[in-house]
2 protein chains.
Amino acid sequence: MEKKPENCRVDNALEIIVGKWKPIILLHLLQEGTKRHGELKKNLPDITQKMLTKQLRELEKEDIIERKVYSQIPPKVEYSITDYGRSLEPILDAMHHWGTNHSLRKSQKEAIQNDKIS
Amino acid sequence: MEKKPENCRVDNALEIIVGKWKPIILLHLLQEGTKRHGELKKNLPDITQKMLTKQLRELEKEDIIERKVYSQIPPKVEYSITDYGRSLEPILDAMHHWGTNHSLRKSQKEAIQNDKIS
DNA sequence: CAGTATCCTCCTGGATACTG
DNA sequence: CAGTATCCAGGAGGATACTG
């Protein structure tokens, strides 16, 4: 695996992960297992149905999640992480770890700023 | 560090890294050390000056890189990774690793498709 | 229940020209 | 050399209404 900048493949991973709701959707499926469309919607109160469907479809197209349709009325659709999708977990963990530390750092900086002012 | 989806901090990290040219800029600075504006431009043939400046400014604002200006004519400006920026390396490595494997996987899939057709 | 179908807004990124 | 200043196109994401 070449590490020279010219051979950068970071964007290949970013393409998959980037999307307003993709990381949080992946965390739900990774940590809580299979979920129905409606359950995800309930856990993501601010997402619209259109966006939820769109993000799920994009993840499905890349084999990150699996979509299982039950032909019944009313319809039932279940989403789950694929093995391949699970391979993203170290990346998501690393980002969550860094992100947690980053927000800490930011609030500390702001505290210092406020001290200076007062 | 809570790992429940509701406490997701992945986006905090994504915000910093996402940007058409940020990952590759970071790799250059991480792996080749301090660089002048013009050197980066030369290594990134397709970037416009406006975009290069914009991406660098955004990284600087987050303390990921440092900008050092030499007051002389003609001007000289050097960019380098900060210690804090270096803390992103595990994330970038993980994404590069995953991304390399992902493009391999994709080309294998395409090969299978072509076999089926012919 | 789990979607489509429209319409709309904003923001990212690019082309191009100019400057201390 | 290392930037600004404009102008512009495309796409991501959202609001809302409808449907098998």
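Letters go in sequence order (proteins before strands), and every chain restarts at 1. All values below were derived from every heavy atom in this structure, side-chain atoms included, with hydrogens, water molecules and symmetry-related copies excluded.
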Next on the checklist: Within the 4.0 Å heavy-atom criterion, would you say B/E39 contacts the bases, only the backbone, or no part of the nucleic acid?
Outcome noted: nothing
Next on the checklist: Side chains of A/Y70 and A/E78: any donor to acceptor distance under 3.5 Å?
Outcome noted: yes
Item to check | Shared hydrophobic cluster, B/L104 / A/I16 (ILVMFWY, side-chain heavy atoms < 4.5 Å) | outcome: no
Item to check | A/K54, nearest nucleotide to its side chain (from D/dA12, C/dG3, D/dA2) | outcome: D/dA12
Checklist entry - Can you list, by residue number, the residues of residues 59-66 of chain A that have a non-hydrogen atom closer than 4.0 angstrom to DNA chain C? => result none
Item to check | B/H102 side chain vs A/N12 backbone, donor-acceptor pair below 3.5 Å | outcome: no
Item to check | Passing candidate, side chain to side chain donor-acceptor pair (under 3.5 Å) with A/K35, options A/H37, A/E39, A/E32 | outcome: A/E32
Checklist outcome for this item: Between B/L26 and B/L59, the two heavy atoms sitting closest are CD2-CD1, 4.0 Å
Next on the checklist: How many whole angstroms separate atom CG of A/D46 from atom P of D/dT16?
Outcome noted: 14 Å
Checklist outcome for this item: note: A/W21, atom CH2; D/dG13, atom C1'; distance rounded to Å ~ 10 Å
Checklist entry - How would you list, by chain and number, every residue that makes a salt bridge (charged side-chain N to carboxylate O under 4.0 Å, His left out) with B/R105, sequence neighbours excluded? => result A/D63
Item to check | Value in whole Å for how far the P atom of D/dA17 lies from CE of A/M51 | outcome: 20 Å
Checklist entry - Under a 4.0 Å heavy-atom cut-off, which of residues 69-77 of chain B touch DNA chain C? => result B/P75
Item to check | Whole angstrom value for the distance that separates C1' of D/dT16 from CD1 of A/I47 | outcome: 16 Å
Item to check | Joint hydrophobic cluster, A/L29 plus A/V69, side-chain heavy atoms closer than 4.5 Å | outcome: yes
Checklist entry - Just one of B/R67, B/E60, B/K68 clears the side chain to side chain donor-acceptor pair (under 3.5 Å) bar with B/Y79, so which one? => result B/R67
Next on the checklist: C/dG13, OP1 or OP2 - any side-chain N/O from B/Q55 closer than 4.0 Å?
Outcome noted: yes
Checklist entry - Starting at CG of B/L56 and ending at P of C/dG13, how long is that distance when rounded to a whole Å? => result 13 Å
Checklist entry - Taking the side chain from A/K41 and the backbone from A/I47, do they hold a donor-acceptor pair closer than 3.5 Å? => result yes
Next on the checklist: When you measure from the side chain of B/T82 to the backbone of B/I64, do you find a donor-acceptor pair of N or O atoms at a distance under 3.5 Å?
Outcome noted: yes
Next on the checklist: In this structure, which stretches of DNA chain C are paired as stems of three or more consecutive Watson-Crick or G-U pairs, both distances less than 3.5 Å?
Outcome noted: C:1-20 with D:1-20
Next on the checklist: For C/dG3 and A/R57 - does any side-chain N or O of the residue sit under 4.0 Å from the phosphate oxygens OP1/OP2?
Outcome noted: yes
Checklist entry - Roughly, in whole Å, what's the span from CD1 in A/I25 to C1' in D/dG13? => result 13 Å
Checklist entry - According to a strict under-4.0 Å criterion, is B/R36 in side-chain N/O contact with OP1 or OP2 of D/dG3? => result no
Next on the checklist: Could you work out, with ring pair (Phe, Tyr, Trp, His ring centres under 6.0 Å) as the rule, every residue matching B/H28, not counting sequence neighbours?
Outcome noted: none
Checklist outcome for this item: On DNA chain C, more 5' by nearest nucleotide between A/T53 and A/K50 is A/T53
Next on the checklist: Suppose we screen for side-chain hydrogen bond (donor to acceptor under 3.5 Å, both in side chains). Which residues come up paired with B/K54, at least two apart in sequence or across chains?
Outcome noted: none
Next on the checklist: Without decimals, in angstroms, what is the distance between A/L52 CG and C/dG3 P?
Outcome noted: 8 Å
